[in-house]
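Source: prediction; values computed, not measured. Just so you know, residue 1 is the first one in the sequence shown, and it goes up from there.
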Amino acid sequence: MLMCKFSVFFSLVCMAYTHKRRIHNGTAAEKGAYPYQVCLRNLDSKIPFCGGSIINEFYVLTAGHCVEDIVIVNLPPRIVEVVVGATNFNDSTARYYPAQKFILHENYEQFFSPHIYAINDIALIQVDGPIEFTPFISSIELPSPGYRVEGKTQVIITGWGRFSDHDMNIPATLQAVNLTVVDLKTCKAKWSDRAINIDDRMICVAGSVQEYEQTQHDAGGCLGDSGGPAVEDHVLIGVISAANSCIDSYRYPHILMNVSHYLPWIKGRVTKKIPIWQQTRNFFKNLFFQD
């Protein structure tokens, strides 16, 4: 009955949350190229709905709107499965961990008019770990305090999202795309007619930027990549949050949450210490199920 409840709920979320971004105009990732990437999916249906990044053996960083509704409905976290180590869902290197706890930013707030977006759109997922690191599974480095990403910087975003707004097919292989950081002044001007307040909690990215005299190329996130990583030089600089559409980042840059801004919040809630209940469970598991 619980799985049925979640399946119905998940279908409603998929219809309502068209702002969960997915990769548009990207390329298939090479196996093991992004070992920090995770996929969040329904344990029952195995349908992926968001991405995330491994930041240590117990925690994944994702977008707040990926988990908000599950928290509000008060469903058990374990009905969300965290997939790690996969470039393709059939990879033998993939491992699966139930979610243990969701930590949504206390000041998360979503707006639906005149455009769907959220502020403080960030969350942590504690998994039933520890996650076993391998050549295909590892954490991503967080930025240092005060880390700044300048306009014109190149970043990589990754995800299993759809290829366009109207394509409901999910790619079999993880997708990646290179994007250009848009400085906040330019980004704010581009979004001004949509009344979205772009500030230093955010980072903007686009396939190309007219103000930088770049030829139009509308690459970026699309339906379902939300929560996934934006990486510069092996450092997690952003969490995929919102966009106007999959195909118009040239007009409206896609919005990331600025990880550097949220470092105090993240570090104040993340620990590498194994919880007592997990230590006890692991003790009895090793005691009775040794090879």
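Using a 4.5 Å cut-off between side-chain heavy atoms of Ile, Leu, Val, Met, Phe, Trp and Tyr, with links allowed through other members, V270 and I103 fall into the same hydrophobic cluster. Linking Ile, Leu, Val, Met, Phe, Trp and Tyr whenever their side-chain heavy atoms come within less than 4.5 Å puts I55 and M257 in one cluster. At a threshold of 4.5 Å between side-chain heavy atoms, the hydrophobic network of Ile, Leu, Val, Met, Phe, Trp and Tyr places F49 and V83 in two separate groups. Cluster annotation: V155 is not connected to Y212 through the hydrophobic network of ILVMFWY side chains, with a link wherever side-chain heavy atoms come within less than 4.5 Å. Residues I122 and L184 share a hydrophobic cluster, clusters being chains of Ile/Leu/Val/Met/Phe/Trp/Tyr side chains in contact below 4.5 Å.
Rounded to the nearest 0.5 angstrom, K190 NZ and R251 CZ are separated by 9.5 Å. Taken from NZ in K46 to OH in Y96, the straight-line distance is 8.0 Å, to the nearest 0.5 Å. Considering CG of D121 and CD1 of I240, their distance stands at 11.5 Å, rounded to 0.5 Å. In this structure, NE2 in H254 is found 10.5 Å from SG in C187, a value given to the nearest 0.5 Å. Atoms CG and CG, on L236 and L142 in that order, are 6.0 Å from each other to the nearest 0.5 Å. In this structure, OG1 in T27 is found 9.5 Å from CG in L174, a value given to the nearest 0.5 Å.
For the residue pair E211 and T186, no side-chain donor N or O sits within less than 3.5 Å of a side-chain acceptor on the partner. For the residue pair T158/Q175, the side-chain donor-acceptor check at 3.5 Å is not satisfied. With hydrogens and angles left out, the side-chain atoms of E106 and W265 include a donor and acceptor closer than 3.5 Å.
The two residues Y97 and E132 make their nearest non-hydrogen contact at OH-N, 3.0 Å. In this structure, F133 and S138 approach most closely via the heavy-atom pair CD2-CA, 4.0 Å. Between Y108 and A118, the closest heavy-atom pair is CE1-CB, 3.7 Å. Counting all heavy atoms, side chain and backbone alike, P77 lies closest to F102 at CA-CE1, 3.6 Å. For the pair D200 and H261, the tightest heavy-atom approach, listed with the atom from each and the gap, is O-CB, 4.1 Å. Across every non-hydrogen atom of L61 and A123, the tightest pair is CD1-O, 3.5 Å.
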Next item on the list: Apply side chain to side chain contact (heavy atoms under 4.5 Å, CB included) to the pair V231 and Y36, showing each step before the final yes or no.
Entry: CA-CA 10 Å; V231 174; Y36 48 81; 3.5 Å; yes

Margin query: Before you tell me yes or no, could you show the steps for D199 and K188 under side chain to side chain contact (heavy atoms under 4.5 Å, CB included), namely the whole-Å CA-CA distance, both residues' side-chain angles and the distance that decides it to 0.1 Å?
Written below: CA-CA 8 Å; D199 59 32; K188 181 174 289 194; 5.5 Å; no

Next item on the list: Might you work through the side chain to side chain contact (heavy atoms under 4.5 Å, CB included) test for W160 and R41, ending with a clear yes or no?
Entry: CA-CA 11 Å; W160 273 282; R41 68 183 189 181; over 6 Å; no

Next item on the list: Walk me through it: do V235 and E141 pass the test side chain to side chain contact (heavy atoms under 4.5 Å, CB included)?
Entry: CA-CA 5 Å; V235 175; E141 181 182 351; 4.1 Å; yes

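For the pair I255 and W191, the minimum side-chain heavy-atom distance is below 4.5 Å. Using a 4.5 Å cut-off on side-chain heavy atoms (C-beta onward), L179 and S249 make no contact. Residues S226 and H65 are in side-chain contact: their nearest non-hydrogen atoms beyond the backbone lie under 4.5 Å apart. A heavy-atom distance below 4.5 Å is found between the side chains of N120 and Y262. Between T215 and S208, every side-chain heavy-atom pair lies at or beyond the 4.5 Å cut-off. Inter-residue side-chain proximity for T93 and K31 is flagged as met; some heavy-atom pair is nearer than 4.5 Å. Contact of the V259 side chain with the I237 side chain is not registered, since no non-hydrogen atoms from C-beta on lie closer than 4.5 Å. Taking the side chain as every heavy atom from C-beta outward, R78 and D128 approach each other to under 4.5 Å.
As summarised for C39 and C50, their two SG atoms remain at a distance no smaller than 2.5 angstrom, missing the threshold.
A salt bridge links E150 to R148: one of the charged nitrogens lies within less than 4.0 Å of a carboxylate oxygen. In this structure, D183 does not pair ionically with K185, as no charged nitrogen and carboxylate oxygen lie closer than 4.0 Å.
Although no hydrogens or angles enter the test, the distance criterion places a donor-acceptor pair under 3.5 Å between the side chain of T87 and the main chain of G32. Without hydrogens or angle criteria, S260 side chain to Y147 main chain gives a donor-acceptor distance under 3.5 Å. Under the 3.5 Å distance criterion, the side-chain polar atoms of R201 are left unmatched by any main-chain donor or acceptor of I198. Side chain of Q214 to backbone of V209: a donor-acceptor contact under 3.5 angstrom is found.
Because its NZ or CZ atom is not both nearer than 6.0 Å to the ring centre of Y59 and within 45° of the ring axis, K101 does not count as a cation-pi partner of that residue.
For Q154, the CD atom sits in a packed shell: over 12 heavy atoms of surrounding residues, nucleotides or ligands are nearer than 6.0 Å.
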